[in-house]
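Here is the structure we will look at.
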Amino acid sequence: MYQTCICRFGLKDGLWQKFLPLKHLLKSHNVAASQVMSISTSSSKWKKFNIPLSGMDMARAGGIASMMRLPVAATSEGLDACFVGVPIDTGTSNRTGTRFGPRQIRCESALIRECNSYTGASPYDSLQVADVGDVWVNLYNLPDTCRSIKGNFSKIISNGCIPIAAGGDHTISYPILQAIAAKYGPVGLVHVDAHGDVSDTMLGEKIAHGTPFRRAVEEGLLDCKRVVQIGLRGSSYKVDAHDYQRDQGFRIVTAEDCWHKSLEPLMKEVSEQMGSGPVYISFDIDGLDPAYAPGTGTPEIGGLTSAQGLEIIRGCKGLKIVGCDLVEVSPPYDHGGVTALTAANLMFEMLCVLPVGALLFTILIIFFHHDGGICLSNSLLYDVRDGKIPSFNGMCAEGKLASQIDRCSYLLAAWKFGAEEFFYPKEAGLTFYSASKSRYVRLLIHYKNPAHVEGVVDQSGMRFYYTTRLREHEVGVMRTGVVYTPHMAIPPGQRKLGGQTFPKNGINVFSSLLHHHLIGVNARTYRIRGNTLKEISSDNHATWFEEMRHVNPIKVLPKRTNVTFGGVGTGNEMYVDYLHYYPATELKVCKSSASRASVMEFFFLLKSIKGKCTNCKQRSIKEEFENISWNKGSVALLQLLYDRSSLDLQCLKPNMEQWPGKWRNVLRPVMPTELKPRTNNCTSSI
C-alpha cells in the first residue's frame with residue numbers, strides 16, 4: 001500500500017533536491033481524490049472515503065438531514081473525525097431552545113459543499129468522517145446528562161476519532177473536556193464567547209452553561225497557560241469581570257480589542273501560545289454579534305463579525321486539535337435559519353483545520369549504483385511551509401533557489417546510507433498534507449563524489465507507507481551535537497572531536513542517526529539524568545556509511561596535514577545526531593560548542609607558554625589555529641579546553657531562530673562519570 005516517487009539524475013558531489021507534491025501521490029493510477037490507500041498493509045484494495053451527498057446528485061431539500069449530508073454511523077469506529085449532537089438546554093440561564101440546535105444545524109448544513117474554495121482545504125479527500133447522531137440526554141437531570149456526555153465522548157475518542165460537537169448549551173463543554181483530558185491530559189483552549197463561563201455557581205448550582213470552564217480549571221482539565229478567550233463583552237456584576245481568568249493565566253481578548261481589524265495577527269500569537277500540545281476549540285455562537293447570529297439565548301451587542309469568526313478558526317490551522325464544539329444555537333429565536341447556517345459553516349471550518357492524514361512510518365528505499373568512490377551520503381525530508389513554492393528541480397548550485405525555501409523548511413525525517421529501514425513506534429506517527437503543513441515536501445539528497453567520476457547515473461527513491469488514522473503522538477526530529485563553527489578544531493593527525501549534547505526530558509527517543517565527516521570517530525550520544533549516564537547511540541568508525549556494515553568500504557581521503565575546522569563542507573568536520581522522538585516539540589536544534597571566550601583564553605595561554613606576544617593584533621580564530629605549532633603539549637592543552645571549557649549553545653526554533661535565553665559562555669553540566677575514549681578497528685590512515 002504505497003506510492004513510490006523515483007527520480008533519475010546524474011551524480012555530482014553536492015546536493016540534489018526536488019519538491020514533491022504530496023497530493024499527486026494520493027492521485028496515482030487514476031484513483032479519484034475521494035479514495036485513499038487501505039489502512040491494512042496486507043490489503044491491495046483501495047478504501048473510499050465518505051463524501052457528502054452532492055446537490056448535483058440529490059436536490060438539497062431531499063435526503064436524510066445528516067450533518068453535511070454525510071453518511072450516518074452508529075459508532076466512531078474507523079472514523080478520523082465525526083459530527084455529534086448534544087441536544088440540551090437545561091443549563092441555560094435566559095432563553096431556552098438550544099436543545100433544537102443540533103437538528104437545525106444539520107438541516108442548514110445541506111448547503112455546504114465539499115471543499116473550502118479560499119483555503120484550498122478538501123477534508124473529505126483524506127479524512128474518514130461521518131455523523132454519529134446525538135448523545136442520549138436526560139432533560140430532567142443535568143448531572144445525569146453530563147455523565148452520559150462524558151461516557152459517550154470517551155467512547156468516541158477512544159480510537160483517535162476527533163469529535164466536532166453541536167450544542168446544546170455551553171454546559172456540554174465540561175463533560176466533553178473531562179473525556180478529552182482523560183485521554184490527552186490537560187489541553188489548551190481556544191474559546192470564542194461573549195461570556196467567560198467561569199462562574200462558581202448559578203442560582204446555587206455548580207453545573208450550568210455559565211460554569212463549565214470554572215469546573216475545568218478546578219479539575220485540572222485545562223493547561224491554563226494555553227487558554228485564550230476571545231470576544232468577551234457586555235455588562236457584568238463587577239468592574240473587573242475577568243480577574244478570575246487572569247489569575248489562572250488565561251489570555252483575555254475582549255470584543256472591543258477586536259473591533260475594526262483583522263484577527264489574523266492575533267491568531268498567529270494564539271498559535272504560538274498553543275504550541276504543539278493538544279488543543280480544544282469551543283465556539284459559543286453568541287461570540288458573534290446578534291446581527292450575524294440572532295438565534296441564541298444570551299445575546300450581547302458589539303460582538304465579532306462572522307468574518308472574524310472564520311479568521312479565528314482558520315487561525316487554528318496547524319494546532320493539534322483533539323476536539324471542538326459549537327454551542328448555544330437557539331432556533332426559536334433565529335431568523336430564516338441564519339444562525340444555524342453560520343454555525344454549520346463554522347463547524348465545516350473546524351473540520352478543515354483538523355490534522356489530515358498520517359504518515360505512520362517512512363522507509364527510504366535506495367537503489368544504489370556504486371562505482372569509483374561515489375556514494376549517496378544521506379537523505380533529508382522537509383515539510384515546506386509558508387509562501388509559494390518556486391519551480392525548481394535539480395542541483396542546488398545550478399539555479400537560484402528562493403531564499404524563503406530555506407527559511408521555511410521544517411525537517412521531518414533523516415536517513416543515512418547504510419541505515420536499515422526503520423519503523424515508527426505504534427503510538428507515534430508523522431502527519432503530512434494537513435492543514436498545518438504544505439502540500440509539498442522537500443527532498444534533499446547529499447552526494448559524495450570525491451573522485452569526480454563522470455557519467456554515473458544513480459536512481460534513488462522514497463517510499464511512503466501511510467494510513468488515514470492519526471496516531472497519538474507526533475514524531476519530531478531534533479538535531480543535537482556540535483555547532484558548525486571554527487571554535488571546534490582538530491589538530492593535524494588527530495582523530496577525535498570534542499563536544500556533547502543536552503538531552504531534553506519528557507521525550508522518547510526511538511531512533512538516532514549519527515553523522516560526521518572524515519575525521520570524527522568514537523561519536524557517542526548520552527542521556528544525562530541526575531547521577532546516571534545512559535548511552536543512546538555510538539559509532540566507533542569513520543566512514544561515510546557510518547553505521548552501515550554490509551557494504552564495501554569507499555575510498556577515503558589521506559591523513560590531513562592541516563587543522564580541520566568545524567563546518568558543513570566535506571573539508572570540514574561535524575558531529576550531529578538526528579534524534580527521532582515523540583511527542584514532537586518546538587525545539588528543533590540543540591547544539592553546543594566551546595565558547596568563544598574559552599577559545600580565546602586558550603590562544604592567550606598558549607602564547608604565554610611559548611613567550612609570544614599576547615597583546616598583538618588579534619587574528620581570526622581560524623588564523624590563530626593555523627599558526628599554532630602543533631605538538632603533544634598543544635594538542636593535550638586543546639583537549640583540556642574542550643573537556644572543561646564553558647559552552648556557547650545553539651537552541652533553535654523550527655524557523656531556525658534562537659530561543660530567548662542566555663546561550664553564550666554557559667557553564668557545562670556536571671557529568672556523573674568521566675567519559676573515556678574507546679578503541680576502534682579503524683586504520684590509522686584517515
Side-chain angles (χ1 to χ4, degrees), residues 479-504 514 516 519-540 563-567 572-577 589-612 614 618-651 661-680:
R479 281 168 282 185
T480 64
V482 179
V483 180
Y484 309 144
T485 171
H487 295 189
M488 308 302 296
I490 307 173
Q494 300 302 308
R495 307 184 58 211
K496 55 187 176 182
L497 176 68
Q500 56 186 313
T501 62
F502 291 89
K504 181 173 178 61
L514 290 167
H516 43 79
I519 301 297
V521 295
N522 282 327
R524 288 176 277 167
T525 299
Y526 288 88
R527 184 200 70 189
I528 306 170
R529 180 176 296 166
N531 293 322
T532 62
L533 191 67
K534 180 177 176 59
E535 183 178 290
I536 293 177
S537 61
S538 64
D539 187 353
N540 297 333
V563 177
T564 302
F565 294 103
N572 303 121
E573 186 51 87
M574 66 167 62
Y575 168 72
V576 61
D577 194 345
V589 175
C590 185
K591 297 180 180 178
S592 65
S593 68
S595 69
R596 177 182 178 83
S598 297
V599 174
M600 299 310 293
E601 288 179 8
F602 164 75
F603 295 144
F604 181 87
L605 178 61
L606 202 60
K607 291 176 182 178
S608 299
I609 293 173
K610 296 190 177 183
K612 294 185 177 181
T614 57
Q618 185 175 322
R619 293 175 290 200
S620 70
I621 288 180
K622 277 191 173 184
E623 290 173 334
E624 291 284 4
F625 271 122
E626 288 170 344
N627 280 276
I628 293 175
S629 298
W630 292 102
N631 54 41
K632 290 184 178 181
S634 55
V635 169
L637 191 60
L638 179 62
Q639 185 59 55
L640 184 64
L641 164 75
Y642 289 150
D643 288 341
R644 301 184 180 182
S645 73
S646 60
L647 302 174
D648 287 346
L649 306 181
Q650 191 179 73
C651 299
K662 182 182 183 299
W663 305 117
R664 299 297 180 194
N665 206 24
V666 178
L667 293 178
R668 65 172 59 228
V670 177
M671 301 292 287
T673 184
E674 183 181 356
L675 297 179
K676 296 181 179 180
R678 293 181 180 176
T679 58
N680 57 68

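Values reported hereafter were calculated over all heavy atoms of this structure, with side chains retained and with hydrogens, waters and symmetry mates removed.
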Smallest heavy-atom separation, G661 atom then W663 atom, equals O-CD1, 3.4 Å

Taking it one step at a time, do S598 and L641 satisfy side chain to side chain contact (heavy atoms under 4.5 Å, CB included)? CA-CA 7 Å; S598 297; L641 164 75; 3.7 Å; yes

Contact check, side chains of S634 and L606, non-hydrogen atoms, under 4.5 Å: yes

Can you give me the closest heavy-atom contact between R596 and I621, atom names plus distance? NH1-CD1, 3.3 Å

Once rounded to the nearest 0.5 Å, what's the spacing between atom OG of S593 and atom CG of L647? 7.5 Å

Pairing residues for F603 by the ring pair (Phe, Tyr, Trp, His ring centres under 6.0 Å) criterion, not counting sequence neighbours: F625

Point-to-point distance, once rounded to the nearest 0.5 Å, from CZ of F602 to CG of L637: 5.0 Å

Any chance the side chains of S646 and N665 put a donor and an acceptor closer than 3.5 Å? yes

Taking every non-hydrogen atom, the tightest pair across S595 and S645: N-OG, 4.4 Å

Are any side-chain N or O atoms of K662 and backbone N or O atoms of R664, one a donor and one an acceptor, separated by less than 3.5 Å? yes

